[in-house]
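Chain identifiers are assigned alphabetically (A, B, ...) following the order of the sequence lines, protein sequences preceding nucleic acid strands; residue numbering begins at 1 within each chain.
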Amino acid sequence: MSTLKNGIVCSPAIHAPGEREITFSQAIREAVAEEMARDERVFVIGEDVAEAGSVFKVLVGLLDEFGADRVIDSPISEAGIAGIGVGAAITGMRPIVDIMFGDFTTLVMDQMINQAAKTHYMSGGKLTVPMVLRTTLGASRRSAAQHSQSLHALFSHIPGLKVAVPATPYDAKGLMKSAIRDDNPVVIFEDKMLYQQKGPVPEGEYVLPLGQADVKRAGEDITIVATSSMVYTALEAVDKLAEAGISAELVDPRTTTPLDTETLIESARKTSRALVVDEGYQQYGVTGELAAVIADGAFYYLDAPVKRIGAMNVPVPFSPAMEDLTIPSADYVFETAKAMCG
Amino acid sequence: MSTLKNGIVCSPAIHAPGEREITFSQAIREAVAEEMARDERVFVIGEDVAEAGSVFKVLVGLLDEFGADRVIDSPISEAGIAGIGVGAAITGMRPIVDIMFGDFTTLVMDQMINQAAKTHYMSGGKLTVPMVLRTTLGASRRSAAQHSQSLHALFSHIPGLKVAVPATPYDAKGLMKSAIRDDNPVVIFEDKMLYQQKGPVPEGEYVLPLGQADVKRAGEDITIVATSSMVYTALEAVDKLAEAGISAELVDPRTTTPLDTETLIESARKTSRALVVDEGYQQYGVTGELAAVIADGAFYYLDAPVKRIGAMNVPVPFSPAMEDLTIPSADYVFETAKAMCG
Amino acid sequence: MTETNGTKQNGAELDAEHWLQAYEQMVRIRSFEEAANELYTSARMPGIAHLYIGEEAIAVGMCEVLRQDDYITSTHRGHGHCLAKGAALDRMFAELLGKEAGYCRGKGGSMHIADQETGNLGANGIVGGSAGIATGAGMSIKLRGTDQVAVCFFGDGALGQGLLYESMNMAQLWKLPVIYVCENNQYGEYTHNSKTAAGSMIGRATGFGVHAQGIDGQDIRTVYSTARLVVDRARNGGGPAFLVCNTYRFRGHHVGDIDRPYRTREEEEEWAKRDPLKLLEDWLTKTRQADASVFERIQQDVQTAVDEAVNFALEAPFPEESEVERHVYA
Amino acid sequence: MTETNGTKQNGAELDAEHWLQAYEQMVRIRSFEEAANELYTSARMPGIAHLYIGEEAIAVGMCEVLRQDDYITSTHRGHGHCLAKGAALDRMFAELLGKEAGYCRGKGGSMHIADQETGNLGANGIVGGSAGIATGAGMSIKLRGTDQVAVCFFGDGALGQGLLYESMNMAQLWKLPVIYVCENNQYGEYTHNSKTAAGSMIGRATGFGVHAQGIDGQDIRTVYSTARLVVDRARNGGGPAFLVCNTYRFRGHHVGDIDRPYRTREEEEEWAKRDPLKLLEDWLTKTRQADASVFERIQQDVQTAVDEAVNFALEAPFPEESEVERHVYA
Ligand SMILES: Cc1ncc(C[n+]2csc(CCOP(=O)(O)OP(=O)(O)O)c2C)c(N)n1
Ligand SMILES: Cc1ncc(C[n+]2csc(CCOP(=O)(O)OP(=O)(O)O)c2C)c(N)n1
Ligand SMILES: [Mg+2]
Ligand SMILES: [Mg+2]
């Protein structure tokens, strides 16, 4: 059993002590590079992905390693490159389409929802769309309302798409590799604030299944389900709860679609309390689905209503004095969980 | 207390017996025409809205009444006309932007999510965006995967937007008029299958508040929350439940954002059981939010887990042999409710 | 808006057999569509369909120069493209009726019909929705290093969609082998394009540096020779091209649009004179390559095949209930 | 890609006072941006900002011909537009620092800065995102029957966005008074437009029938005279226009982009010779309308005002917590 710098425990079966640590950003790059080396059908297209290695520097080096044919700087045409992704995918390639900020996925909705998600089905199973849409989520960079959203719920709603929201470098690498190998369109949301986050990642090759939750911390009194960087927020709360004598179990679904409902429900049945934390807008977001699934599946075991904490239902404001209020804080998670156990 | 043809009971305070009946389609047209007559800032823009009066014939006559300056046929440019709507709204007009099928709202996501929804907030309250986006939802017209979706959950997720899903002609007219008068962007989803549905609509002027649920049928044993045309599906189930000796209360939220959580929770507390029915994809959709709200707010009163029935999590298939399986049926609502009360 | 600055060739280099095959293909589309209409009016077809009648020369002329491994993307008005690229009548009718034997196992229907084996990447219910897909197919061809070509069919209405311009820009930047074929049938639904398309159609492509031509879409010989030009050019690395094929939708927007108050009967009659089948018949007759008896025989043979295919489809079983959950994910 | 086919005028019809005001306005933008940069590097400004340094002649030249009730829409690089249209320094700095006294009460920040009272409908974080909004403002002007004009500023990178083409088509169809001003500073972030824009920039507008000109964006006299032409034309019902103003981003993409490995120092030096402030100084000196002492005095006055405004902003209070939930809905 190995422990991340910040105290996250990873699945014991997978990690060995003394493993190397790399950043989330490096983990993504490794995953992409390994898959590009493994399968020449994989290519990357997006704005400033080649020369600049993406604005978050996640892809630096790929251009040198794989050349301009496979790491392609595009015009600022999100809808167009998503469409190119679909077309390339159904004709034998495995594109990775890079959408710089998750906020700009609003521009690719038609290609993802009406084309990518439905092509396999509408063709009666004949065409497949093995593409990955890489993008970001997460606030708190003082980037205001159009560069701070966590819009993963929108894609999670659409059958035919898979959606991954990795929290750790380990998960990021394993899920990215699976996403690239998957024969379906997968949207992967990377939290901008996590790119420098370090964590253990084994040297060797591994993939993680899409649709398998990970228990990041085992506990007895309450289940906290958290996604993406909210895993770290929740972890801080878990530590504080421990100090207050409350043993919390931290479950990370890792993918919202498919959702590992079983693990979520099992955990809630065991602890008899559940709290869901996600950085998307709370209304009609990920917390709603997860809470509904748990409240239904664990109904007869629950000692308290399932609570949820999403981002405030407001556009993300610029001013630091306001922005930090809009996203779930460790304190608030702690207080809420504590009250539930009271 | 007046009763719709199909047995829906409308709020007694509002309806008088012997009222005239008009179709859902006529109700929408009346609302738009009245508001256009009342306020010259209101105009309609969309594909085939003028000469053709919209493909569903909902707007027939408006061109003659108000002229081509106020009923404008546009190119097939959904994103463009949504943008025009935003720009016209913040400079003193009150546009109604017509998006022919709800499936095509994927093309206006950026204008609605990143512009319309955020402009008031980002400007510190200085600009307002009094626009209406009219569109449709609903399957079962054998129109296949790209013309049958109910995508209202996507908009309901976004703070800054309001979303209306009227079920009856009465509600459609009252909500449309409110939407047009509202100083915020409102997305109104009309079920294509309801356009010919008749119901009582008073001659005189009235508006309905956005954010107020309507108890369409009072009952004691179980609360069924249903939206848009699912109100009719649920009503059929309610009748069958009555025959089986179960008294169901039917609550129609009428708007998903803002959501009248109070009425939903109150009803569930009273009946101690709740079932949510909506025609959108079930995963991460409207049923999730409503179920989560009720399961939380009525937790200590519930005798059974809150259940939900959305559309199947599949793209809508063309073949009648399959399409009808994907949307909630009255039988299934009945069976589910009955089992919950068993 | 009707624009031509295009190729005119007489097809003299091709023999009668070629043109009679082309003729048969056009007749096949015409008869297919008549049968589809009949299935609709007799309430045996679920939903609606958008008929290609009047525009046959474009699909057939373009697809004649394509190989089976070349790609096309199609539109809501997609039966003609599908047949022209090589699909079989029976499985197409089966799809229109929502049967399991249909090309999409009944899941697509008219608006999403496709036969991938003959290179059709699919009809599309989103106007302009396939511009990116065709361009992506072009990208895929370039990356895989084959000499295939992708043809993107779309209507004049799709000129309103921004995606088309994003796509053409990239196709030109990267010299992708994509032919954008605008089937300018003058209307988008019920609105004439003079009300929806400003400027020049060709200019919308030349602005991006894309080779563009406006041609007579009723004359299959013109379509064929222009297609030959731009497809060969694209195949040899010359990059994308944009064709505006001027044509006319002889019927309504869809099978249910029978009154057509938005246009005059006179206009319809003028265009009827330029029926693509008739134009080819006339030329073949005038040049003594064929006569009426030949055309009649072809029409009858096709009709027999269409009737058989319709019967096949009518009798074919619907998919089982379990089918509904299959193919959401691969 | 640098294109010109545009107006060249000498501004002889205007007096020195006019040009000195324009000069002062450009200096004000330059000084504002230097101060913003300084606030960033000294870690007193949250987030980042995109500086307009080098491009001042475009905003000022365009806005000089606009009335206060004319509209502009702006971009992520929006400080220059905001000042040129008439916003005050102090409330702008307050917005950059997230203070309640800011134009957006701290909710917008650099990327959404706007002063609606002077007709600025807002900076926009979505590249090309304001094309529809400006066009809608034009529609609103037409419907309300006023003689206002809307100017849509955007970068060369926005030429990649389909919305721009959808918008220009409608503006031309309906003869809306919208001027599309492409600030072609050669780069979108870290990529030169030779890699992202095929064909001709001007051709992308002429294809839609939109009047288009490519001009020297460093010479405020050229910008001014061209603006006068197309704005008057639009005001009088002549319809939209499209200007490509060739310019250069003297600094990085944003305040944090200081290495600029994607371009050469030589290229930067070449463009530095065409500093818009210097060009105007030179002309005013050569034509003896002003001399160095005048420029210096203006610079000093502006600097004093900027310093005061920065101090105002630094001392201004942050919004209260309750502000976060205000203005979600009107
Ligand atoms: C994005 C989108 N908007 C609107 C529609 C509705 N619609 C279906 S066909 C059509 C007209 C298309 O005109 P055109 O592209 O000229 O093709 P045609 O029908 O003339 O062949 C419209 C508006 C749609 N399917 N997709
Ligand atoms: C739709 C969208 N895609 C990508 C971005 C990220 N982005 C911000 S500025 C920029 C470059 C814009 O270039 P240009 O339009 O030329 O403006 P400039 O910065 O040169 O003034 C990009 C890609 C964005 N903000 N919006
Ligand atoms: Mg057409
Ligand atoms: Mg630029």
Side-chain angles (χ1 to χ4, degrees), chain A residues 45-57 60 63 68 72-83 99-101 103-108 110-111 139-149 192 281 283 311-327, chain D residues 45-48 76 94-100 102 104-113 123-129 154-163 187-193 195-198 253-254 256-257 261-262 317-329:
Chain A
I45 186 168
E47 295 152 23
D48 287 310
V49 293
E51 299 273 354
S54 94
V55 296
F56 299 108
K57 303 290 167 211
V60 168
L63 176 66
I72 302 165
D73 274 333
S74 79
I76 308 174
S77 304
E78 281 80 5
I81 59 175
I99 302 294
M100 199 182 287
F101 281 75
D103 310 70
F104 313 155
T105 61
T106 49
L107 293 159
V108 304
D110 189 64
Q111 290 301 310
S140 73
R141 291 175 80 252
R142 318 316 180 201
S143 305
Q146 294 174 339
H147 284 71
S148 306
Q149 294 170 93
K192 300 182 279 283
Y281 301 123
Q283 63 190 25
M312 280 177 72
N313 294 323
V314 308
V316 181
F318 163 69
S319 181
M322 294 185 276
E323 184 181 26
D324 294 339
L325 303 172
T326 68
I327 54 173
Chain D
M45 181 179 79
I48 53 158
H76 58 286
E95 188 58 38
L96 259 54
L97 300 186
K99 303 301 181 71
E100 189 179 336
C104 312
R105 305 178 63 81
K107 282 173 171 158
S110 165
M111 213 149 30
H112 306 295
I113 203 158
N124 210 308
I126 303 297
V127 167
F154 57 94
D156 47 321
L159 295 171
Q161 290 283 317
L163 177 67
Y187 292 84
E189 289 193 343
Y190 317 117
T191 305
H192 192 269
N193 66 35
K195 288 180 66 180
T196 55
H253 171 55
H254 57 63
D257 171 27
Y262 48 86
F318 280 109
E320 313 218 326
E321 292 207 348
S322 64
E323 180 73 24
V324 72
E325 293 198 271
R326 292 183 63 196
H327 306 308
V328 181
Y329 293 99

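Note: A:His147 leads A:Glu78, A:His147, A:Arg141, A:Glu323 in heavy-atom pairs under 4.5 Å with chain D. Counting heavy-atom pairs under 4.5 Å between each of D:Pro261, D:Gly157, D:Gly102 and chain A puts D:Gly157 at the top. Options A:Val314, A:Asp48, A:Asn313 differ in how many heavy-atom pairs under 4.5 Å they form with chain D, and the most are formed by A:Asp48.
In this structure, D:Glu189 and A:Ile76 have side chains that are not in contact, with every pair of non-hydrogen atoms separated by 4.5 Å or more. The closest side-chain heavy-atom distance from D:Thr196 to A:Glu47 is not below 4.5 Å.
Nearest heavy atom pair, residue A:Ala52 against residue D:Tyr190, reads CB-CD1, 3.8 Å. Of all heavy-atom pairs spanning A:Met322 and D:Pro319, the tightest one is CE-CG, 3.5 Å. Here the closest heavy-atom approach between residue A:Phe318 and residue D:Leu97 is recorded as CE2-C, 4.2 Å. What you find for A:Gln146 and D:Ile126 is that their closest heavy atoms are OE1-N, 3.4 Å. When all heavy atoms are compared, the tightest approach of A:Ser319 to D:Phe318 is OG-CD2, 3.5 Å. In plain terms, the two heavy atoms of D:His112 and A:Ala144 that are nearest each other are CD2-CB, 3.5 Å.
Heavy atoms of A:Ser74 lying under 4.5 Å from chain D belong exclusively to its backbone. Interface remark: A:Ala79 contributes no atoms to any contact with chain D (heavy atom separation under 4.5 Å). Proximity to chain A (any heavy atom under 4.5 Å) is shown, for D:Asn124, by both the backbone and the side chain.
Applying the side chain to side chain contact (heavy atoms under 4.5 Å, CB included) test to D:Lys195 and every residue at least two apart in sequence or in another chain returns A:Glu51, A:Asp73, D:Thr191.
Summarising the geometry, atom CE belonging to A:Met312 is positioned 3.5 Å from atom CD belonging to D:Glu325; distances are rounded to the nearest 0.5 Å.
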